Amino acid sequence: MELRMRTGHQGTGPGAITPDGCAVELYSRLPSGPEADVIAAAVPPGAHILELGSGVGRMTHPLLERGFTVTAVDESAEMLDRVRGARTICSPIEDLDLGETFDVVLLASFLVHAGDVEVRRGLLRTCVRHVAEGGCVLIQREGADYHTNLPRQRVDPSGFTVRILSAEPVADGVNSVHAEYVFPDATWTQTFRSRPLTREQFEEALAEAGLTVDKYLTEDGIWVRAMTS
């Protein structure tokens with residue numbers, strides 16, 4: 001069954017585009033980055049991780065290499081087709097109910113900043129529903145200047161350029177963000193809705209779901225470990 005695009009989200013460029021505007025081929029090309037190291041330092045060795053919004057496995061595969069067991073969830077079957085070595089489940093995150101719990105629930109990719117408050121609540125409820133007693137939820141937040149330090153760009157050592165071109169208000173507290181990824185042989189764009197959250201607003205959203213911040217894992221406050229309260 002083909003999924004409809006999420007409201008306010010779109011993408012352009014070669015290959016399949018997911019409901020939130022992500023291009024499968026683009027994400028297959030992006031390097032893994034330091035995220036797996038941050039995660040590995042924050043959780044017990046060999047933990048069972050539920051990765052919500054895994055995409056093509058950009059973090060899944062490095063986590064598997066570090067000895068973790070990963071269940072990868074994404075609403076795009078095309079994304080999950082690129083995942084190797086992990087159990088995969090195709091489902092919108094906010095609808096997920098596996099009837100089991102995990103040592104670690106991972107909500108990365110700034111998903112907590114969903115423009116629709118009800119979607120955010122659904123995402124966090126899914127986190128709480130699936131974290132084991134004594135386990136933790138790891139959440140990736142946007143940086144403090146993500147919506148104001150614009151336009152900005154980064155040239156990756158591997159030869160592509162990422163540009164965040166604009167963040168325009170479209171609703172109360174919600175911006176439409178436009179990004180561009182330029183490779184020597186192809187260009188992709190993504191437009192998505194994001195709700196900036198101060199640290200206080202972020203912690204209030206967690207509290208509403210029954211979570212409390214245990215520790216900010218990085219100096220910029222982007223990675224957070226939370227526990228059920």
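Because only heavy atoms are used, hydrogens play no part in the values below, and waters and symmetry mates are left out as well, while side chains stay in. Given the structure is predicted, the values throughout are model-derived calculations rather than measurements.
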Asks: Could you pull out the closest heavy-atom pair between Arg141 and Phe110, with the gap in Å?
Replies: O-CE2, 3.0 Å

Asks: Assess whether salt bridge (charged side-chain N to carboxylate O under 4.0 Å, His left out) is satisfied between Arg29 and Asp185, documenting all intermediate values.
Replies: CA-CA 12 Å; Arg29 296 186 180 200; Asp185 62 336; 2.8 Å; yes

Asks: For the residue pair Phe183 and Thr161, establish whether any side-chain heavy-atom pair is separated by less than 4.5 Å.
Replies: no

Asks: Please report the interatomic distance CD1(Ile93) to CG(Leu107), rounded to the nearest 0.5 Å.
Replies: 6.0 Å

Asks: Linking I/L/V/M/F/W/Y whenever their side-chain heavy atoms sit closer than 4.5 Å, directly or via other members, would Ile139 and Leu197 fall into one cluster?
Replies: yes

Asks: Given side chains that start at C-beta, do those of Leu211 and Val137 come closer than 4.5 Å, heavy atoms only?
Replies: yes

Asks: Looking at Tyr27, is Arg82 sitting on its ring face, NZ or CZ under 6.0 Å from the six-membered ring centre and within 45 degrees of the normal?
Replies: no

Asks: With the side chain counted from C-beta on, respond yes when His9 and Thr191 share a heavy-atom pair under 4.5 Å apart, and no when they do not.
Replies: no

Asks: Between CG of Asp116 and CZ of Arg121, what distance do you get to the nearest 0.5 Å?
Replies: 9.5 Å

Asks: Locate the shortest heavy-atom distance separating Thr126 from His130; write the atom from each residue and the value.
Replies: O-ND1, 2.8 Å

Asks: With rounding to the nearest 0.5 Å, note down the distance linking CD in Glu51 to CD1 in Ile39.
Replies: 7.0 Å

Asks: Using the rule given for salt bridge (charged side-chain N to carboxylate O under 4.0 Å, His left out), can you reason through Arg129 versus Glu94, listing the C-alpha separation, both sets of side-chain angles and the distance that settles it, and then say yes or no?
Replies: CA-CA 11 Å; Arg129 188 159 54 239; Glu94 55 268 41; over 6 Å; no

Asks: Would you please say whether a donor-acceptor pair under 3.5 Å links the side chains of Glu75 and Thr18?
Replies: no

Asks: Look at the side chain of Glu203 and the backbone N and O of Glu200, then say whether any donor-acceptor pair between them is shorter than 3.5 Å.
Replies: no

Asks: Check Ala114 against Leu123 and note the closest heavy-atom contact, atom names and distance.
Replies: CB-CD1, 4.4 Å

Asks: Using the rule that Ile, Leu, Val, Met, Phe, Trp and Tyr join whenever any side-chain heavy atoms are under 4.5 Å apart, tell me whether Val43 and Phe102 fall into a single cluster.
Replies: no

Asks: Could you tell me whether a side-chain N or O of Arg152 sits under 3.5 Å from a main-chain N or O of Tyr146, the two making a donor and an acceptor?
Replies: yes

Asks: Working to the nearest 0.5 angstrom, can you tell me the gap between Leu63 CG and Leu106 CG?
Replies: 7.0 Å

Asks: Name the atoms and distances for all side-chain donor-acceptor pairs under 3.5 Å in residues 164-176, with sequence neighbours left out.
Replies:
{"residue": "Asn175", "atom": "ND2", "partner": "His147", "partner atom": "ND1", "Å": "3.0"}

Asks: Is any NZ, NE, NH1 or NH2 atom of the basic residue among Glu35 and Arg58 found under 4.0 Å from an Asp or Glu carboxylate oxygen of the other?
Replies: yes

Asks: What is the distance from atom CZ of Arg84 to atom OG1 of Thr60, rounded to the nearest 0.5 Å?
Replies: 11.5 Å

Asks: Provide the closest heavy-atom pair for Met5 versus Gly11 in the form atom of the first, atom of the second, distance.
Replies: CE-N, 4.3 Å

Asks: Using a 6.0 Å cut-off, check whether atom CD of Glu118 has over 12 heavy atoms from anything other than its own residue.
Replies: yes

Asks: Should the pair Arg6 and Phe192 be classed as cation-pi, given the thresholds of under 6.0 Å to the six-membered ring centre and 45° from the axis?
Replies: no

Asks: Between the side chain of His113 and the main-chain N/O of Glu142, is any donor-acceptor distance below 3.5 Å?
Replies: yes

Asks: Less than 4.5 Å apart, any side-chain heavy atom of Tyr216 and any of Ile222?
Replies: no

Asks: Considering residues at least two apart in sequence or located in another chain, which fulfil the side-chain hydrogen bond (donor to acceptor under 3.5 Å, both in side chains) criterion with Gln10?
Replies: none

Asks: Answer yes if the side chains of Thr12 and Thr189 hold a donor-acceptor pair under 3.5 Å, and no otherwise.
Replies: yes

Asks: Taking side chain as C-beta onward, heavy atoms only, is Leu52 less than 4.5 Å from Cys127?
Replies: yes

Asks: Treat each ILVMFWY residue as a node, draw an edge where side-chain heavy atoms are under 4.5 Å apart, and state whether Val70 and Leu50 are in one component.
Replies: no

Asks: Could you please spell out the steps behind the side-chain hydrogen bond (donor to acceptor under 3.5 Å, both in side chains) verdict for Thr187 and Glu180?
Replies: CA-CA 7 Å; Thr187 297; Glu180 181 180 68; 5.9 Å; no

Asks: Determine whether Met227 and Leu206 fall in the same hydrophobic cluster, where Ile, Leu, Val, Met, Phe, Trp and Tyr are linked whenever their side-chain heavy atoms lie under 4.5 Å apart.
Replies: no

Asks: Could you verify whether a donor N or O on one side chain and an acceptor N or O on the other, from Ser76 and Asp74, lie under 3.5 Å apart?
Replies: no

Asks: To the nearest 0.5 Å, tell me how far Ser109 OG sits from Asp20 CG.
Replies: 9.0 Å

Asks: Stepwise, does the side-chain contact (heavy atoms from CB on, under 4.5 Å) test hold for Val128 with Arg125?
Replies: CA-CA 5 Å; Val128 171; Arg125 281 195 298 265; 5.8 Å; no

Asks: Under the side-chain contact (heavy atoms from CB on, under 4.5 Å) rule, what do Ile49 and Thr69 come out as? Steps first, then yes or no, please.
Replies: CA-CA 6 Å; Ile49 299 175; Thr69 300; over 6 Å; no

Asks: Would you mind reporting whether Val155 and Gln153 have side-chain heavy atoms less than 4.5 Å apart?
Replies: yes

Asks: Report yes if the side chains of His61 and Ser32 come closer than 4.5 Å at any heavy-atom pair, otherwise no.
Replies: no

Asks: Shortest non-hydrogen contact from Leu217 to Ala42?
Replies: CD1-CB, 3.7 Å

Asks: Is Trp223 reachable from Val105 through a run of I, L, V, M, F, W or Y residues, each pair having side-chain heavy atoms under 4.5 Å apart?
Replies: no

Asks: Give a yes or no answer on whether the side chain of Thr71 reaches the backbone of Arg87 with a donor-acceptor pair at less than 3.5 Å.
Replies: no

Asks: Identify the two heavy atoms, one from Val131 and one from Gly135, that lie closest to each other, and give their separation to 0.1 Å.
Replies: CG2-C, 3.6 Å

Asks: Quick one: does Val56's side chain get under 4.5 Å of Val24's, heavy atoms only?
Replies: yes

